[in-house]
Amino acid sequence: MKIALGILQMVLLVMGAPLLRGIVGRLKALLQRRQGASVWRPYSDLWKLLHKEDLTPPSASFVFGLAPLLVFAASILVTAFIPLLADSALLGSAGDFILMVYLLAFGRFFLALGGIDGGSAFGGMGASREVLVSCLAEAPLLLGLVAVAIQSSSVSIVGMAGWALGQSFFNISAVHLLAFLALAIVALAETGRMPVDNPTTHLELTMIHEGMVLEYSGPNLALIEWASAIKLSAIIGLLIAIFAPWGMAVASSPAGIGLALVVLLAKTFAILVALAVIESAIAKLRMYAVPDFLGVAAAISTLAVILTALMKR
Amino acid sequence: MGILETTAGKVLSSYSVFLFLTVLAQAAVRRFSTSVFLFGLQSAIIAIQVAVIGYHEKLVEAYIVAALIVVLKVLGIPYAFFRLIEKLHAPREVKTSTSAAESVFIAVGIICLSYAAVRSYASGVQAPEDGLAASVALILTGAFLMVSRKRALMQMIGLLVLENGIFLAALTTTFGMPLVIEIGIFFDVLMGLFLMGLFVFRIRDTFDHMDVSKLRKLRG
Amino acid sequence: MRVLECPLRLINFVGRFSPPVFVQTEIAAAKRCLTRASLLLATMFSVAISTGCNAGDRGLLNSEVRRLDPSVLAPFPFTFSLDRLGLFFLVLILAVALPVLIFSVSYVSRHYTPARQKWLWALLLLFIASMVGVVAASSGFAFLVAWEIMSLTSAGLILLEGSSGERRHNLFIYLLMTHAGTAAVIASFLVFLPHSHTLDFTALRAAGATLPHGARIALFLLAFVGFGTKAGIIPLHLWLPRAHPIAPSPVSALMSGVMLKIAVYGFVRFAFDFLPGGPAWFGYLVLIAGAVSGLLGVLYALAVHDLKRLLAYSSIENIGIIYMGLGAALIFTAHDARTWAALALAGALVHSLNHALFKSLLFLGSGAIADSTHTVDLEKLGGLQRRMPVTGSVFLIGCCSIMGLPLFNGFIGEWMILRSFIGGSTLVNTNAQLVLPLMVGVLALIGGLAAACFVRVYGVAFLGRPRSAEAENAHASPRAMRVGTVMLASACMAMGVWPGIFLRPIVSLAQSLVRAADAPPETLMISHVIPWVAAAFILLLGGTALLKRVKRQARTWACGLPGLTSRMQYTSNSITKPVRFVFARVYKADRTLQMLPEDRPYFPASISYHSERTTSYERSLYRPFVDGVMAAANQLRRLQTGNIQVYLLYIVLTLVLLLLYLRFAG
């Protein structure tokens, strides 16, 4: 039963990922008083891309073709760590957050290599900016999760969610609040959203993620876009699980799971609305202002870790 | 009544968290108006704290003090600041000597320092350690704002934050001061602000800007 | 468990054949007129390997000790014995030495004249034998003799590569610093002497339990400085980026992969075996030194584009990580949290083994690149993956391992050290409760920067288009070179996907060193999870690879220009420029920009730009020290007047002083 539930959670995250992207796009359009594309558009994009040809530059090596597969596999594996509907996940009690974070790094590394392999200047540009953002985002990500882990005495995401389930909503822990702020900033950097990176830009000089995938087309591009959408849904699921897990089914009865699904959709929609507002209200940061932004996240997460020792909550 | 009790209890034990958040935010912001808004928020939190203490200790004067704080510091002073910014046509961004990340790291250091300083004292006196640490943090943050910001207006805000911290320290250690002393302190602050506002206008008229780092040119 | 003995049986199996392998080499070498001396050395070496392999069969899982006492041959107290710690490092040495030697069979014959080859083989085998001697030594004397032979043979091997002026200068600095470190090590043995009366390790162990506090502190600091110089802790690291690039590639692999770990062995032997139970500040010292080395090492690696120098700086970074684990273990033992200490120490030891494997793999890869393109400058490479497929693939595996990606072996050690840092939060009401979790952030930053560095290395060297004619005409490496690197790469992948094969012996070794009661449960967890993750990964990869696709080649988009040249790609310096810009305070570069003619600055005829980075230690730490020593020496020179009567006066004065001393103090 637990395994079936775990697989259901993974399927939800993987299959629902393009829908989340579509919803964010539609919300942003509404905020900017445009018509906007339909929320199901990313699915039709993926379908179209999967039926096109795979174009490869003649100077590229096998890494160019291998990278999208590796990125896609790594993203799917990350979703196995995250509890959504109940207090368990497929790799829940066995896998810890360090393994999850490093699996994300795995995908990023190979995407950067794929960008360089294309042989154009834009790929190198995207790769060099990507390594800047990721090397500075890793410390606040790990520190924020460490603060939550120390507070909840557990290193697995399932354990953190279980601890938070046991607390009442009004017992706001200072550590959790600070960790949430830091992880929200890092989430914007990791998923390549404003103000760190504009996911809808066509100007190559402003691209980070898009620059690396500029040479890809067809099924390769479909896998990469899908992987990036899965990353967004996984990180949203992670934030919900750690900081606001109330509503998760404690006993795995179908009624409980159904209720948990409804609550999950409501929470996800709230986060998507917040994301759309942030993306529409804040301008993209200049490239060398991003380290400052991530430095603020690092400082906040450092404070969260220090407070686990200082405050008696 | 039960909900009010629990909420009062919650506020009593968790307000310091929000004050720490405003400390971090003050260090990181880049706009005057946001800085002034944060100061108003800090004063509002302190006003709520005073009202809750009044509710717990059944002191009527506490409600009066809370109302005074709201009128003066949450509504009056920020409004005066916004008018001042408009009249001076001051630039909207805050010029700092440290970048945003460095400022937040210094703010983190300030918070740790306040905890370290308060630890030995608070166990002796029966005072809540978090509240006392928050007040010391506010004092140090006010001082830090005055040191690291280059515009005269920001230094005024720094002084106000520092005064907030002193007020909060008095509040936590004595659970409310006599009303007369509170009013006296308020008038002191208001006098200081009037004088500083006058001086800011004079500086602007004489030099055409308010960047205090350029005062170094007056050196012989 | 049977499956855990598999690798040990494999080593044993190889060991049984190694005499024949080396006899084969010897016969082949004899055909090229090797001298008798090197034949003797080769035989000694194969004996050493066989002994090691036979010992490995039984030794790792229980604490059996073998003793070899050749002091009948010489009047000095030479004793050799292998306990579990020594056995672990012996396995490390042999696991790296075998592929490196196979690589060298082809590399040496292609790059050196036959006369040089004799010397090279002799010194190489003696180098490896001396390292075996260091870990097998069980008396201070044997340890120091083997240590000295190790330093001298490595210097000789560097000299064999060439002896131009700059190489001699770098070699001199290497010898100077390694002897300074050896002096500190000798001093630490000597400080033990009044308490233990012999230099035998069992006596040292017994004396260490009852040392007075001052002696313990002095010993620890001497051992830290001595072994730290050899290991490359900042600021004692100055010789590393000078010596490793100028050595032949197999020798660099051995120096970086194995010799640094021998220094770690020495430090572990002193800190955990001889001097257990020190105060917590010992651990903090080691932890901070490790953190600084890790950060600065990787930041300097980001700034260089000479591949071998880069790998040398990266070794400094990884030694920093190992020392962070050792420091955490010392802090935990000081607070009596022995299970966590076992986890931290096991993590440090695991990372030593993994680093030995992947660093030597990367150095051998750079040797293959040098062999094929005659350059290791990243700015001149590119597109090598298509021209050297096997070398490129194993280099990719090495880069993934050094970045600590899961499913490669580098992840395991870093994971264990990170988990032990998080465990530091259980030491309530101590400084460690604050410091250790914050070290997670430092280690995460180090890992992120290492990822930036090695994305650049592999991307610029192997991907994209070639940036010079040499890279364009690169050819695949000869078979022996490929076999050596493939052996190391498969070890990396196997250990990454199935960590259980080596974790339990190392964890029980760490437990015995810190006297922990039970094994940390985390290691069991990781040994179970990683194979499942790997299986799921391969399943997903296979599934997505089965997608039906139509492939076509199309040129890279060139913005409408007729075509892209290789100069339009990002260079090694440009990929790391954003990171170097953010950390600009660390690199204080001296930049000179000259535009000619100077009176017309807006219409320059020529512009020259020179940028040089000297590390700040040389200016602020070493230069004043060296100047002080030279000034003192100049003052002392006044004693040497050249007048024979003054010298006779010195002798008479000494006599008079001794008489007075006897009279008044006696």
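This structure is a prediction, so every number in the text was calculated from the model and none was measured. A note on names: the letters A, B, ... follow the listed sequences, proteins ahead of strands, and every chain is numbered from 1.
We find that C:Arg419 and A:Asp96 are joined by a salt bridge, their nearest charged nitrogen and carboxylate oxygen being less than 4.0 Å apart. Ionic pairing of A:Glu215 and C:Arg555 is not present here: no N-O contact between side-chain nitrogen and carboxylate oxygen is shorter than 4.0 angstrom. Ion pairing of A:Glu190 with A:Arg108 is present here, as a side-chain N (NZ or NE/NH1/NH2) and a carboxylate O approach within less than 4.0 Å.
Heavy atoms of A:Met125 lying under 4.5 Å from chain C belong to its backbone as well as its side chain. Neither the backbone nor the side chain of C:Phe462 comes within contact range of chain A, judged by heavy atoms closer than 4.5 Å. With a 4.5 Å cut-off on non-hydrogen atoms, A:Phe106 touches chain C through its backbone and its side chain both. Heavy-atom distances place the side chain of A:Pro291, and not its backbone, under 4.5 Å from chain C. In this structure, chain C has no heavy atom under 4.5 Å from any part of A:Phe64. Using a 4.5 Å cut-off between heavy atoms, A:Ala147 does not touch chain C at all. Proximity to chain A (any heavy atom under 4.5 Å) is restricted, for C:Met525, to the side chain, taken from C-beta onward. Only the side chain of C:Phe408 comes within contact range of chain A, with heavy atoms under 4.5 Å apart. Of the two parts of C:Ser574, only the backbone, made up of N, CA, C and O, holds a non-hydrogen atom closer than 4.5 Å to a non-hydrogen atom of chain A. Contacts between A:Ser134 and chain C at a heavy-atom distance below 4.5 Å are absent for every atom of the residue. Neither the backbone nor the side chain of A:Ala127 comes within less than 4.5 Å of any heavy atom of chain C. Residue contact with chain C, scored on non-hydrogen atoms closer than 4.5 Å, involves the backbone and the side chain of A:Tyr102 alike. The part of C:Leu564 that comes within reach of chain A is its side chain, from C-beta onward, which places non-hydrogen atoms under 4.5 angstrom from that chain. There is no contact between C:Val442 and chain A, counting heavy-atom distances below 4.5 Å. Residue A:Leu91 touches chain C through its side chain alone, counting heavy-atom pairs closer than 4.5 Å. Both the backbone and the side chain of A:Asn220 come within contact range of chain C, with heavy atoms under 4.5 Å apart.
Relative orientation of the C:Tyr458 and C:Phe395 rings is parallel, given thresholds of 30° and 60° on the angle between their planes.
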